[in-house]
Number of protein chains: 2
Amino acid sequence: METAEATAAERPGLRERKKQRTHDALLRAALELFTTQGYEATTVDEIAEAVDVSQRTFFRYFAGKEEAALAVIGLSQEHFVAALRARPAHEAPLEALRNAVLEGWDAIGEAVARIVPVDLYLRSYGMIESTPALLAAHLRRTDEVAREIEEIVAEREGLDVRTDPRPRVAVAVFAGVMRVTERLWAMGGDLSMEAMRELTAAHLDAVRPSLAEKWRNG
Amino acid sequence: METAEATAAERPGLRERKKQRTHDALLRAALELFTTQGYEATTVDEIAEAVDVSQRTFFRYFAGKEEAALAVIGLSQEHFVAALRARPAHEAPLEALRNAVLEGWDAIGEAVARIVPVDLYLRSYGMIESTPALLAAHLRRTDEVAREIEEIVAEREGLDVRTDPRPRVAVAVFAGVMRVTERLWAMGGDLSMEAMRELTAAHLDAVRPSLAEKWRNG
DNA sequence: AGGCTAGTGACAGCCACTGACAGTTGACAA
DNA sequence: TTGTCAACTGTCAGTGGCTGTCACTAGCCT
């Protein structure tokens, strides 16, 4: 058992490679079909047929249509969490969150490119935003990520999430701002990582001013 | 046409009343079944049968199972939006949002009670939080409400949402905090409106401290 | 009273998803 | 190499959410 996994990590057997190929092929086919003809207009049968496997096999790789559509973005979210964990301990919570998201972008692009064309990845954000069922699933997943981040932030500061509200509130604020940013970016014209970085920075900078009592003179 | 609607508003005809009754009956039956045996374990056929209508009729009243489950909460969200619109113009944006949510609670309770037992309404929050598909749909609806609120806040301050980021960011911060609050409340033991009010106030008060550079001495 | 139309039930069908079973194909040891 | 085991897959049948269609009933209006 141990040997099998260790070996697989070094040089995956034929079985593993085949599996990986099928998985990636399904992912690419799904995203390709979704972004061209639309998510709802695409049936699982079509995706399976495009990769020449049975529908049943598709469901062995993905829990459902949604998961296939959101898998790549899920990957980028994992990278963000990892980036946050890697931030130096001296940074303030929101500083660490900000840096993790701003600097993590490039590494994410690379990681994604290993599986699907980056272009497909970027377009999937637009697809999500304009597909109710998908947006719903995406928001739920993001909510789960937020929960994970709460723990990380609390640990960074040596606090207990159950007794001190600040870790949760800080993450909530950050998550809220990231959600608007994401929405505007995905719906806007410029679907590039540069645009995302700028929007993110601008919105995070706007947090304090938006909390002010008076907006006119602020 | 005009006459028909006006008349219906004053004294609904038999037809209208019948419709209303069926609608409410379906809603009650659905929530009752959902909260007792679970959302997924309940089929639309069951709900329809409980009210003694065909499955087809259920779908004529609700776009889907989800909508039936979230309809009551949607009602409370509408009340919140109305409460926000009613806030005096001199209040600062976040002040108005805070007051709207804290004071609107009672009116919401009354409005809900006219259709379903309040107890059922409160329990539905727990159901949502523990049902992935439902939570997803709920988050999407909440996101839409946030969009509506952005406009209201911007209008209060005489700003254009497209040029000034503050309305959107302020609402994003507020929405983020409300989401954590909701989650903790729904998952916690005390499912009362009092508990919700306290949690909300506590979390909103924690926003500034959570933005501080240093948490230890803050 | 009789015509109009909103609301309903019954039926057929699509699609996402699941369980069960059998066939095939890599992995690994004898 | 060969045989055995386990993993992976295809096929089939079935459930449940959801939609289109059509005929029929019942409230509404003149």
Side-chain angles (χ1 to χ4, degrees), chain A residues 1-26 29-30 33-34 37-70 131-134 136-137, chain B residues 1-26 29-30 33-34 37-70 131-134 136-137:
Chain A
M1 321 276 169
E2 281 295 325
T3 342
E5 272 186 26
T7 306
E10 294 166 10
R11 177 186 289 184
L14 174 54
R15 210 169 220 162
E16 295 296 324
R17 274 180 287 149
K18 229 176 172 179
K19 233 168 64 167
Q20 188 67 41
R21 260 196 307 153
T22 308
H23 178 271
D24 294 356
L26 280 170
L33 288 168
F34 289 161
Q37 55 184 259
Y39 174 75
E40 332 229 61
T42 304
T43 68
V44 174
D45 288 298
E46 275 182 287
I47 303 169
E49 197 179 359
V51 184
D52 206 63
V53 296
S54 72
Q55 190 216 49
R56 196 69 184 81
T57 293
F58 173 91
F59 284 110
R60 287 197 176 98
Y61 282 94
F62 302 97
K65 236 172 107 174
E66 284 172 6
E67 197 186 291
L70 302 178
T131 309
L134 230 45
Chain B
M1 322 281 169
E2 282 295 327
T3 343
E5 273 187 26
T7 307
E10 294 166 8
R11 176 187 289 183
L14 174 55
R15 215 172 215 163
E16 294 295 324
R17 274 180 289 149
K18 229 176 172 178
K19 232 168 64 168
Q20 188 67 40
R21 260 195 307 154
T22 308
H23 178 272
D24 294 355
L26 279 170
L33 288 168
F34 289 162
Q37 52 183 272
Y39 175 75
E40 331 229 62
T42 305
T43 68
V44 174
D45 288 299
E46 276 181 287
I47 303 170
E49 197 178 1
V51 184
D52 206 61
V53 297
S54 71
Q55 190 216 48
R56 195 69 183 84
T57 293
F58 172 90
F59 285 110
R60 287 197 177 99
Y61 281 95
F62 302 97
K65 236 172 107 174
E66 284 174 6
E67 197 186 291
L70 302 177
T131 309
L134 231 45

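Here is how names work: the chains are called A, B, and so on, in the same order as the sequence lines, proteins then strands, and each is numbered from 1. Only this structure's heavy atoms are used, side chains among them; waters, hydrogens and symmetry mates stay out.
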How many whole angstroms separate atom [atom1] of [X] from atom [atom2] of [N]?
X	N	atom1	atom2	value
A:F59	C:dA16	CZ	P	7 Å
B:L134	D:dG17	CG	P	13 Å
A:E40	C:dC14	CD	P	19 Å
B:E66	D:dG16	CD	P	18 Å
A:F62	C:dT18	CZ	C1'	18 Å
A:K65	D:dG17	NZ	C1'	13 Å
A:D45	D:dG10	CG	P	13 Å
B:R21	D:dG27	CZ	C1'	13 Å

**Message:** To check you understand the geometry: which heavy-atom pair defines the closest contact between B:L26 and B:I47, and what is its length?
**Reply:**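 Shortest heavy-atom contact: O-CG2, 3.9 Å.
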**Prompt:** Can you name the nearest heavy-atom pair linking B:V51 to B:A29, along with the distance?
**Reply:**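 Heavy atoms only, the tightest pair is CG2-CB, 3.7 Å.
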**Prompt:** Excluding sequence neighbours, so at least two apart, what forms ring pair (Phe, Tyr, Trp, His ring centres under 6.0 Å) with A:F58?
**Reply:**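 Applying ring pair (Phe, Tyr, Trp, His ring centres under 6.0 Å) to A:F58 gives A:F62.
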Would you tabulate the nitrogen or oxygen pairs shorter than 3.5 Å linking the protein to nucleotides 5-9 of chain C?
{"from": "C:dT5", "atom 1": "O2", "to": "B:R15", "atom 2": "NH2", "distance (Å)": "3.3"}
{"from": "C:dA6", "atom 1": "N3", "to": "B:R15", "atom 2": "NH2", "distance (Å)": "3.2"}
{"from": "C:dG7", "atom 1": "OP1", "to": "B:K19", "atom 2": "NZ", "distance (Å)": "2.5"}
{"from": "C:dT8", "atom 1": "OP1", "to": "B:Y61", "atom 2": "OH", "distance (Å)": "3.0"}
{"from": "C:dT8", "atom 1": "OP2", "to": "B:Y61", "atom 2": "OH", "distance (Å)": "3.3"}
{"from": "C:dG9", "atom 1": "OP2", "to": "B:S54", "atom 2": "N", "distance (Å)": "3.0"}
{"from": "C:dG9", "atom 1": "OP2", "to": "B:S54", "atom 2": "OG", "distance (Å)": "2.9"}
{"from": "C:dG9", "atom 1": "OP2", "to": "B:T57", "atom 2": "OG1", "distance (Å)": "2.2"}
{"from": "C:dG9", "atom 1": "N7", "to": "B:R60", "atom 2": "NH1", "distance (Å)": "3.3"}
{"from": "C:dG9", "atom 1": "O6", "to": "B:R60", "atom 2": "NH2", "distance (Å)": "2.7"}

**Message:** What I'd like to find out is whether the side chain of A:Q37 reaches to under 4.5 Å of the side chain of A:E46, using heavy atoms alone.
**Reply:**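 Of all side-chain heavy-atom pairs linking A:E46 with A:Q37, at least one is under 4.5 Å.
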**Request:** Compare all side-chain heavy atoms of B:F34 with those of B:K65 and state whether any distance is below 4.5 angstrom.
**Result:**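 Side-chain contact under 4.5 Å: yes.
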**Item:** Residues in side-chain hydrogen bond (donor to acceptor under 3.5 Å, both in side chains) contact with B:D45, at least two apart in sequence or another chain
**Value:**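 With sequence neighbours excluded, B:D45 shows a side-chain hydrogen bond (donor to acceptor under 3.5 Å, both in side chains) to no residue whatsoever.
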**Message:** For B:K18, give me all partners under side-chain contact (heavy atoms from CB on, under 4.5 Å), at least two apart in sequence or on another chain.
**Reply:**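 B:K18 satisfies side-chain contact (heavy atoms from CB on, under 4.5 Å) with B:R21 only.
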**A:A48: partners by side-chain contact (heavy atoms from CB on, under 4.5 Å), with sequence neighbours left out** = A:V53
**Asked** Can you tell me if B:Y39 uses its side chain to pair, donor with acceptor, with the backbone of B:E66 under 3.5 Å?
**Response**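 Present.
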Name the pairs: protein N/O against N/O of nucleotides 3-5 of chain D, kept only if under 3.5 Å.
none

